[in-house]
Amino acid sequence: RMVVQSLKSLYMERLRPTEIDSHFGHFFGAALTASELESRPQVLLVGQYSTGKTSLIRWVTGVDSTFFDIRPQPSTDKFVAVVHGDEEKVINGDAATCLPELPYGGLSKFGSGFLSKFQVLVERADILRQITFLDTPGVLSGDKQRISRGYDFKEVASWLAQRCDLILLLFDAHKLDISDEFKEVIEAMRSEGDKCRCVLNKADEIDGENLVKVYGALMWNLGKILVTPEVARMYIGSFWEKEYKCKDLERLLNQDRKDLIQELRDLPRNVCVRRVNEVVTRARAVRVQMAIADALRSRLPVIDICGRRRRYERWLCDRLPEIFGDVMKDHQFAPGDMPNQQRFRERLLEFKDFRRFPRWDERQMKDLDQLISADIPKLMALIGGVSASCLQERPRVAPPAETGKNGASGFKGAGKGSRDSRGGGFGDACCCLVSLLVIFLVVIAAACATFVAMPALLERGSTGGELMALVGLEGLADTVRVRFGGGAGFAAAGALPTAAAPHATTAASVAVSTGAEL
């Protein structure tokens, strides 16, 4: 719920205004509403008459209602949305479009002729708490039946398909012919191909050998319409409560039943990802629409003389391939990002004035890029569930310092005074500073002791070696000589001959000066 609410805020505040400014709804469909973003997952059932659409809904929901009119002849002549509620009732189309809990407010654009054929059936089935089913009238064949509907069936089905999460195309195993209207509906849903699933119903009435032939013929017919290298997933079975008549492939039919039910149950878990995907798709399409609109407007004449502008607009409609190529080159769009040229041209001819198109706005485009590349990925991080790669950059940790043989951190081979190249680091620097500080303090203490003991030593005539041994500098000289390769002053002081006693003051001065240098 938190993800959907955040997504709704991003769409309403940042994407929807740009859609309105660019006339996106005229070319690609109306803007989304809050109820459509917050709605339950919807399943649209489309097929020719008597293919078992209503029977499948009754089998899935377990509701045996008198409002389900199931007969061999065409019986369902209305669009029926089966939703959850506290009590069973029917809500007519005009009232249903006004309910904020239902995502059908946009259907009012199809007029009262369609709304009189639209109903909402409220039932108490548990599965309806998670999923909404949309039953459609049987697709007819022949122009006379299509004209008598009073509304454009293909446009209504296309509008519903854009807002549904799953589309089931039902076929009767005994009637494989696809009518012209059904073919137009499937072609209109081609852009929603990832949502489409095929259902071969009443398959238990055919033996296994003939069922294989029926399946092959149906796939061949669909391949010509969908024009895709791979046809949508096909569920084979008899989706009602009756027992199978032919049990040759009972195991296959039961398995496909389970698979269909499992896919329906997975819809609520994937609804957030699908809503995010829908918003991102619209954002990319809006960016392309802005680029095309700017290209069309920039090619208009500055001054309109004797209707020249309108003629020039029609001329631009005939030059769409050239304009699309320039847009892809200027803005680095892929061919798959561009809309269908034929459909776009039809919509463009209905557009009254190209001067209403907005100019390319860098500020708006940067905001769209920020929405796609930064804001929406933050939402996806909450629902993505993808673990990070072990190769991704992580905070660096300093390697531990290596300890030498004599316990000195960061040094290797203390007897030779060579520094380990792998030690280094902040810890080694601290150790060196502490060592130097200790040596300095010891030297200061030794110098003070030397000045204090100097009179007594001079009276006794002590040598320089005895002087350094007394104050503890002899061992220090060896340590410094080992670590730093020095110590010449100490060696000279320690090697003073006994005959040099009258010059002991000079030896003490050498020791003090050497300590000061350290």
Return yes when atom [atom1] of [X] has more than 12 non-hydrogen atoms of other residues, nucleotides or ligands closer than 6.0 Å, and no otherwise.
X: Lys109; atom1: NZ; value: yes
X: Gln342; atom1: CD; value: no
X: Arg284; atom1: CZ; value: no
X: Arg251; atom1: CZ; value: no
X: Lys195; atom1: NZ; value: yes
X: Arg129; atom1: CZ; value: no
X: Glu241; atom1: CD; value: yes

Stepwise side chain to side chain contact (heavy atoms under 4.5 Å, CB included) test for Leu168 and Leu44: CA-CA 6 Å; Leu168 297 180; Leu44 177 66; over 6 Å; no
Do Gln48 and Ser179 pair up side chain to side chain, a donor and an acceptor below 3.5 Å, judged on atom types alone? yes
Distance-only donor-acceptor check, side chains Glu313 and Trp315, under 3.5 Å: no
Validation row: [X], [Y] side chains within 4.5 angstrom (heavy atoms):
X: Leu134; Y: Val43; value: no
X: Arg265; Y: Ile131; value: no
X: Gln130; Y: Leu267; value: no
X: Leu371; Y: Asp367; value: no
X: Lys8; Y: Leu32; value: no

Identify whether the distance between the nearest side-chain nitrogen and carboxylate oxygen of [X] and [Y] falls below 4.0 Å.
X: Arg275; Y: Asp165; value: yes
X: Glu184; Y: Lys154; value: no
X: Asp135; Y: Lys53; value: no

Once you round to the nearest 0.5 Å, how far does [atom1] of [X] lie from [atom2] of [Y]?
X: Gln5; Y: Leu10; atom1: CD; atom2: CG; result: 11.5 Å
X: Ser6; Y: Lys378; atom1: OG; atom2: NZ; result: 11.5 Å
X: Phe79; Y: Tyr151; atom1: CZ; atom2: OH; result: 4.5 Å
X: Arg287; Y: Met365; atom1: CZ; atom2: CE; result: 7.0 Å
X: Glu19; Y: Tyr11; atom1: CD; atom2: OH; result: 3.5 Å
X: Lys242; Y: Asp204; atom1: NZ; atom2: CG; result: 9.5 Å

Between Phe357 and Phe354, how do the two ring planes meet: parallel, tilted or perpendicular, split at 30° and 60°? tilted
Which class fits the ring pair Phe344 and Phe28: parallel under 30°, tilted 30 to 60°, perpendicular over 60°? tilted
Sub-6.0 Å ring centroid separation between Phe182 and Tyr49: no
Which heavy atom in [X] sits nearest to a heavy atom in [Y], and how many Å separate them?
X: Leu115; Y: Leu107; answer: CD2-O, 4.0 Å
X: Pro321; Y: Gln341; answer: CG-OE1, 3.4 Å
X: Leu37; Y: Val4; answer: O-CG1, 3.5 Å
X: Leu253; Y: Ala203; answer: CD2-CB, 4.2 Å
X: Gly208; Y: Leu249; answer: CA-CD1, 3.9 Å
X: Cys98; Y: Asp94; answer: SG-O, 3.4 Å

Backbone N/O of [Y] and side chain of [X]: donor-acceptor pair under 3.5 Å:
X: Asn92; Y: Ala95; value: no
X: Arg257; Y: Ser238; value: yes
X: Asp172; Y: Thr51; value: no
X: Ser55; Y: Gly52; value: no
X: Asn270; Y: Val273; value: no
X: Thr136; Y: Leu45; value: yes

Would you please test Phe171 and Tyr215 for ring-ring contact (aromatic ring centres under 6.0 Å, His included) and show each step? CA-CA 10 Å; Phe171 300 90; Tyr215 177 81; over 10 Å; no
Sequence neighbours excluded and cut-off under 3.5 Å, please list the side-chain donor-acceptor pairs for residues 324-339, or say none.
residue	atom	partner	partner atom	Å
Asp326	OD2	Arg299	NH2	2.8
Gln332	NE2	Lys329	O	3.3
Asp337	OD2	Ala334	N	3.2

Give the intermediate values and the outcome of side chain to side chain contact (heavy atoms under 4.5 Å, CB included) for residues Leu56 and Asn201. CA-CA 9 Å; Leu56 190 148; Asn201 202 7; 5.6 Å; no
Hey, mind stepping through Ser50 and Lys175 against side chain to side chain contact (heavy atoms under 4.5 Å, CB included) and telling me if it holds? CA-CA 10 Å; Ser50 298; Lys175 297 179 291 186; 3.9 Å; yes
From CA spacing to verdict: side-chain hydrogen bond (donor to acceptor under 3.5 Å, both in side chains), Tyr244, Asn254: CA-CA 10 Å; Tyr244 297 147; Asn254 289 334; 2.8 Å; yes
Taking only distance into account, with no hydrogens and no angle test, what donor-acceptor pairs under 3.5 Å do side-chain atoms of residues 118-127 form with protein atoms, sequence neighbours excluded?
residue	atom	partner	partner atom	Å
Glu123	OE2	Ser65	OG	3.3
Arg124	NE	Asp86	O	3.1

What do the steps show when you test Leu222 against Ile178 for side chain to side chain contact (heavy atoms under 4.5 Å, CB included), and what is the final call? CA-CA 9 Å; Leu222 286 175; Ile178 300 177; 4.3 Å; yes
